[in-house]
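Reckoned from all heavy atoms, side chains included, excluding hydrogens, waters and symmetry mates.
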Amino acid sequence: MNVLEDAHRATAPDQARHPTAAIGHRLRQPLSAAAWPAGVAAAALLLPLFTSAYWIQVLTAAAVFSVAALGLSVLYGRVGLISLGQIAMLAVGGWTAQRLGQTGALPFWLVLLATGVVTGLIGIVVGLPALRLSGLYLALITLMLAAAVTIVLTNTNFPNGGPGFLGYDPVKSGTVPLARPAVAAGDTAYFRYTVVVCALMFLLAIAHTRGRPGRAWAAIRQSEHAAVAAGINVTLYKLWAFALACFMTGVAGALLAASAGGLTVYQFPPQESITLLAALLMAGMYHFAGAVVAGLMLKAMPALLDTWGVSSNVLLIVFGVGLVQTLVTSPEGIAGQLSRDLARLGARVRVRRTTS
């Protein structure tokens, strides 16, 4: 993992290697970064008019996993902390939401908020090793956490309305999805509800990165020693990043708990966190739009291969080749390359208009 990190940093663009300059550059952009989630949300709200019920469920899962990718983008892309526990936090968020929701005393929006707070607090605990560890060591710690969560879930399972703290009744068979709000009872309505909540998570991340936390994270990523010399509380802002990433991922897990079919322990294998990292590197680690692309790569591409009758194992080969291609030729990923190409196209159009 440290070889991968070194290779990616070595080939990263100037703005990625110097995040302080990158933030200043983005602040001067005429098109606000908030336009990305707003545009994606507007397009996603129209998709149910042209897709089947199956693809609505697939896109709902893609939206949820884009928020998990967003948390990783904050940790690694903004602070330089490699976390391989985002999928585990997604599972913890789903478990917490199911347990809170089965009491029937809390409205759905409050279940989302409470789940985010719980996973955010867990994120602070997980972030404690990050105060002394980094790179490969931190990645291994978070990967072991993901494996531990999987083992615990295998033995306890997700709550299905049973008694006690765990809320699991072995007599009952199958899974019990989290009850949806009345305004989003159907799959189409719930997809739109999910997209709106996910867009709010993106706006929350953008607000952080464009404010004081974002400037502190940029300084820490560039040089932790220089950040300390500049008077930045490194401990506070590292834990802040973990809390924010886990809060957003926990909310995403709660949304996943109310999706069709409910939750099973087989949905959250530890290796899925490595796949998430690879997908985000290809999609664009330093651009929040890359998190949206990563979510589509993780959920829409396997569904598309199944529709074509192609084994989903082919996706691992595609991800491997794509990751090498990204590290060698396009370190900004799909989102960064697309933004740069569109900027060049716009510049050429303006030049032709002025010369004509």
Do you see a donor-acceptor pair shorter than 3.5 Å between the side chains of His208 and Trp217? no
Between Phe202 and Met248, is there a side-chain heavy-atom distance shorter than 4.5 Å? no
Counting C-beta onward and ignoring hydrogens, is there a side-chain heavy-atom pair between Ile141 and Leu145 closer than 4.5 Å? no
Is it the case that one hydrophobic cluster holds both Ile56 and Leu59, taking links as side-chain heavy atoms less than 4.5 Å apart, direct or via other members? yes
Given the rule in the salt bridge (Lys or Arg N to Asp or Glu O under 4.0 Å) test, do Asp187 and Arg192 qualify, once you have shown the distances and angles that lead to the verdict? CA-CA 9 Å; Asp187 287 344; Arg192 289 171 172 160; over 6 Å; no
Spell out, as yes or no, whether a donor-acceptor pair under 3.5 Å connects the side chain of Thr275 to the backbone of Gln271. yes
Check whether any side-chain N or O of Gln98 sits under 3.5 Å from a backbone N or O of Trp95 as a donor-acceptor pair, and report yes or no. no
Criterion side-chain contact (heavy atoms from CB on, under 4.5 Å) on Ser83 and Leu138, from CA distance to verdict: CA-CA 7 Å; Ser83 172; Leu138 181 59; over 6 Å; no
For the side chain of Arg180 and the backbone of Ala258, is there at least one donor-acceptor N/O pair under 3.5 Å apart? yes
Please check this pair: side chain of Ser273 against backbone of Leu84, looking for a donor-acceptor N/O pair closer than 3.5 Å. yes
Say whether Val58 and Tyr266 are linked into one hydrophobic cluster, either directly or through other cluster members, by side-chain heavy-atom distances under 4.5 angstrom. yes
Does the side-chain contact (heavy atoms from CB on, under 4.5 Å) test come out yes or no for Phe108 and Val183, once each step is laid out? CA-CA 10 Å; Phe108 189 79; Val183 296; over 6 Å; no
Say whether, by atom type as modelled, one donor and one acceptor occur between the side chain of Asn155 and the main chain of Ile151 under 3.5 angstrom. yes
Partners meeting ring pair (Phe, Tyr, Trp, His ring centres under 6.0 Å) with Tyr190 (sequence neighbours left out): none
Contact summary for Ala91 and Phe268, nearest pair of heavy atoms: CB-CG, 3.6 Å
Within the structure provided, determine whether Ile82 and Leu75 are in side-chain contact (heavy-atom separation under 4.5 Å). no
Find out whether Phe242 and Leu81 are in side-chain contact, i.e. whether some heavy atom of one side chain is under 4.5 Å from a heavy atom of the other. yes
With a 3.5 Å distance limit and no angle check, can you tell me whether Thr150 reaches the backbone of Ala146 through a side-chain donor-acceptor pair? yes
Would you indicate whether the side-chain heavy atoms of Phe158 and Tyr168 approach each other to under 4.5 Å? no
Within-4.5 Å side-chain heavy-atom neighbours: Leu296 and Met301: no
Hey, mind stepping through Val67 and Val251 against side-chain contact (heavy atoms from CB on, under 4.5 Å) and telling me if it holds? CA-CA 9 Å; Val67 176; Val251 172; over 6 Å; no
For Gly71, does its backbone N or O pair with a side-chain atom of Thr249 as donor and acceptor, under 3.5 Å? no
Joint hydrophobic cluster, Val79 plus Val125, side-chain heavy atoms closer than 4.5 Å: no
CD1 (Ile124) and NZ (Lys238) are apart, to the nearest 0.5 Å, by 15.0 Å
Does a side-chain heavy-atom distance below 4.5 Å link Phe319 with Leu323? no
Is there a side-chain contact (heavy atoms from CB on, under 4.5 Å) between Thr115 and Phe247 once you walk through the steps? CA-CA 8 Å; Thr115 301; Phe247 172 85; over 6 Å; no
What's the spacing between Thr264 OG1 and Asn157 CG if we round to 0.5 Å? 8.5 Å
Determine yes or no for a side-chain-to-main-chain donor-acceptor pair under 3.5 angstrom, with Arg78 supplying the side chain and Tyr286 the backbone. yes
Measure from the side-chain N and O atoms of Thr96 to the backbone N and O of Gly93, and report whether any donor-acceptor pair falls under 3.5 Å. no
Ignoring hydrogens, what is the shortest heavy-atom contact between Cys198 and Ala63? Give both atom names and the distance. SG-O, 3.4 Å
For Val265 and Leu153, the nearest pair of non-hydrogen atoms, with its separation, is CG1-O, 3.3 Å
Contacts satisfying ring-ring contact (aromatic ring centres under 6.0 Å, His included) that involve residues 45-71 (not counting sequence neighbours) are none
Using the rule that Ile, Leu, Val, Met, Phe, Trp and Tyr join whenever any side-chain heavy atoms are under 4.5 Å apart, tell me whether Val321 and Leu281 fall into a single cluster. no
Quick check: is Leu316 connected to Val318 through a chain of hydrophobic side chains (ILVMFWY, heavy atoms under 4.5 Å apart)? no
Taking the side chain as everything from C-beta on, heavy atoms only, tell me whether Tyr76 gets closer than 4.5 Å to Leu277. yes
